[in-house]
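I have placed the structure first, in the form of C-alpha cells, so that the comments after it can refer back to it.
Lettering follows sequence order; numbering is per chain, from 1.
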Amino acid sequence: MEIVSGSCRFGLWYVHVWWNDTAVQRLRFSTTGLAGEVPPLIRKYCAGQPVDCSTLDSFALHEESMYSRIYRAVRDVTYGTTATYGEIAEKVGTSPRVVGQAMARNPTPLVIPCHRIVAAHGIGGFSPSVEIKEALLAMEKKGVHKLLLGQN
DNA sequence: AACGTACACTTAT
DNA sequence: ATAAGTGTACGTT
C-alpha cells in the first residue's frame with residue numbers, strides 16, 4: 001500500500017506524518033507545514049483530545065532488535081503517566097543509556113510515546129526541542145484530569 | 001571484523 | 001559538582 005504524508009498543528013509546531021493503512025512509517029516535528037492528511041487519531045490527539053496515539057501501529061515495533069524491544073516497552077506506558085529511562089532499561093534488560101539512545105532515534109514519536117520517558121531526576125531530553133515534551137506531558141495531564149472530572 | 005566513540009542515563013563521591 | 005559505569009549502534013579502519 002502506498003505511503004501518504006501530511007501534517008497537522010501542535011501548538012507552534014507542525015507534526016509531519018508518513019503513513020499507510022497498516023502502520024505509521026515516520027513522524028517528526030517541524031516548524032513548517034506539509035500538505036496532506038494525518039491519521040485521524042493523531043489529529044485528535046494534537047487537538048487536545050485524550051486519545052492515545054500508541055494504539056496506532058509503527059513499523060519499528062516489529063523487529064527483533066534491542067531498540068524494537070525498548071519501543072514495545074515504551075508503548076505500554078499509558079496516556080498521562082511517565083516512566084524513567086532506568087525503569088524501561090530494567091524491563092528489557094539493558095542500561096538506561098541505551099534507552100536514551102533508542103528514544104533519540106525513535107522514528108515515530110507519539111506512536112511510540114517517548115515523551116513519557118523521563119530521567120530519574122529531571123525531564124530528560126527531546127528533539128527537536130524539549131519544550132515539545134513539556135507541552136505534551138502537560139497536555140496529557142490536563143487530558144486525564146478532564147477524563148476523570150468530566151469537565152474543563 | 002575489529003575498534004573507537006557518542007550518547008535524550010544513573011549512581012556514588 | 002563531578003566522575004565512573006553502562007550497552008548499543010554506527011562510523012572508521
Side-chain angles (χ1 to χ4, degrees), chain A residues 3 5-20 22-34 36 38-39 41-147:
Chain A
I3 295 176
S5 63
S7 66
C8 71
R9 253 338 175 73
F10 176 74
L12 301 171
W13 295 86
Y14 288 92
V15 180
H16 291 187
V17 190
W18 287 262
W19 51 298
N20 62 18
T22 61
V24 175
Q25 304 296 321
R26 195 119 322 195
L27 186 152
R28 72 175 187 230
F29 292 90
S30 170
T31 54
T32 61
L34 181 71
V38 303
L41 203 64
I42 292 180
R43 185 163 34 73
K44 288 178 189 154
Y45 178 84
C46 290
Q49 295 183 36
V51 295
D52 197 342
C53 294
S54 70
T55 58
L56 291 172
D57 197 12
S58 164
F59 80 97
L61 292 166
H62 307 294
E63 292 157 17
E64 291 314 310
S65 61
M66 173 53 75
Y67 279 10
S68 202
R69 294 180 63 198
I70 293 171
Y71 293 149
R72 287 192 289 272
V74 169
R75 180 191 48 184
D76 294 338
V77 180
T78 57
Y79 189 103
T81 68
T82 60
T84 66
Y85 296 97
E87 285 164 0
I88 299 296
E90 190 173 5
K91 209 164 171 178
V92 306
T94 186
S95 75
R97 206 79 195 259
V98 173
V99 175
Q101 249 180 157
M103 296 305 96
R105 297 175 189 279
N106 179 6
T108 59
L110 300 189
V111 179
I112 296 166
C114 59
H115 59 282
R116 296 181 191 144
I117 310 306
V118 298
H121 304 291
I123 191 171
F126 198 86
S127 45
S129 163
V130 70
E131 290 171 18
I132 297 175
K133 189 174 186 175
E134 289 165 350
L136 290 169
L137 291 175
M139 183 184 83
E140 292 195 0
K141 211 165 144 192
K142 189 177 155 204
V144 166
H145 208 236
K146 194 173 172 180
L147 205 65

When rounded to the nearest 0.5 Å, the distance separating CD1 of A:I112 from OG of A:S68 is 7.5 Å

What distance do A:R116 atom CZ and A:D76 atom CG have between them, rounded to the nearest 0.5 Å?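 If I round to the nearest 0.5 Å, the distance is 11.0 Å.
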
Rounded distance (Å) that lies between atom C1' of B:dC9 and atom NZ of A:K133: 11 Å

Shortest non-hydrogen separation from A:A60 to A:Y71 and the atoms involved: O-CD1, 3.7 Å

Of A:R105 and A:H121, the one whose closest DNA chain B nucleotide lies more 5':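 It is A:R105, whose closest nucleotide lies nearer the 5' terminus.
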
Taking any heavy-atom pair under 4.0 Å as a contact, classify A:G124: base, sugar-phosphate, or nothing.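 No contact.
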
Using nucleotides 4-7 of chain C, report all nitrogen or oxygen pairs with the protein that are shorter than 3.5 Å.
| residue | atom | partner | partner atom | Å |
| --- | --- | --- | --- | --- |
| C:dG5 | O6 | A:R97 | NH1 | 3.4 |
| C:dG7 | O4' | A:S95 | OG | 3.1 |
| C:dG7 | O3' | A:T94 | OG1 | 3.2 |
| C:dG7 | N2 | A:Q101 | NE2 | 2.6 |

Does the plane of the ring in A:F29 sit parallel, tilted or perpendicular to the ring in A:W13? Use 30° and 60° as the thresholds.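 Aromatic pair A:F29/A:W13 classed perpendicular.
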
With a cut-off of 6.0 Å (strictly less than), are more than 12 heavy atoms of other residues, nucleotides or ligands near CD of A:E90?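 Count not over threshold, so no.
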
Is it true that atom CD of A:E131 has more than 12 heavy atoms of other residues, nucleotides or ligands lying nearer than 6.0 Å?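 Counting neighbours around CD of A:E131, 12 or fewer heavy atoms of other residues, nucleotides or ligands fall under 6.0 Å, so no.
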
B:dA8 -> Watson-Crick or G-U wobble partner, both distances under 3.5 Å, gives none

My understanding is that a pair needs two contacts under 3.5 Å, Watson-Crick or G-U wobble. By that rule, which nucleotide pairs with C:dT6? none

So, does the side chain of A:Y85 form a donor-acceptor pair with the base of B:dA8 at under 3.5 Å?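 When only heavy-atom distances are counted, A:Y85 does reach the base of B:dA8 through a donor-acceptor pair under 3.5 Å.
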
